[in-house]
Amino acid sequence: MKKYTSIDYTKVELPEELLTSFAKALAPEIRKFYDSDEGKAYFKKWLTKHPEYDERTPDATASGV
């Protein structure tokens with residue numbers, strides 16, 4: 001049986017064009033999710049665990065987030 005070599009993915013460099021096209025394809029899907037009822041519920045639950053990112057709290061503006 002052939003043994004495969006291990007790849008250190010932290011050292012892989014990707015072309016800027018690839019990253020840009022990936023972001024352009026993924027961003028609309030992320031927006032659709034967070035605009036949905038499921039996404040809004042998920043974000044609300046996430047904010048309860050991470051109140052430092054809630055814009056309505058005084059800590060968020062003080063920390064610069």
Would you say Asp37 has more than 12 foreign heavy atoms packed within less than 6.0 Å of its CG?
-> no
When hydrophobic residues are tied together by side-chain contacts of less than 4.5 Å, even through go-betweens, does Tyr9 share a cluster with Leu19?
-> yes
So Tyr42 and Tyr34, would you call those rings parallel, tilted or perpendicular, with 30° and 60° as cut-offs?
-> tilted
Around Phe33, counting heavy atoms of other residues, nucleotides and ligands shown, do more than 12 lie under 6.0 Å from its CZ?
-> yes
In one Ile/Leu/Val/Met/Phe/Trp/Tyr side-chain cluster, 4.5 Å: Leu26, Leu14 = no
Search all heavy atoms of Pro28 against all heavy atoms of Ala23 and return the closest pair with its distance.
-> CD-O, 4.5 Å
Find the distance between OG (Ser21) and CD (Glu16) and round it off to the nearest 0.5 Å.
-> 10.0 Å
Inter-residue atom distance Asp54.CG - Lys44.NZ, 0.5 Å rounding = 11.0 Å
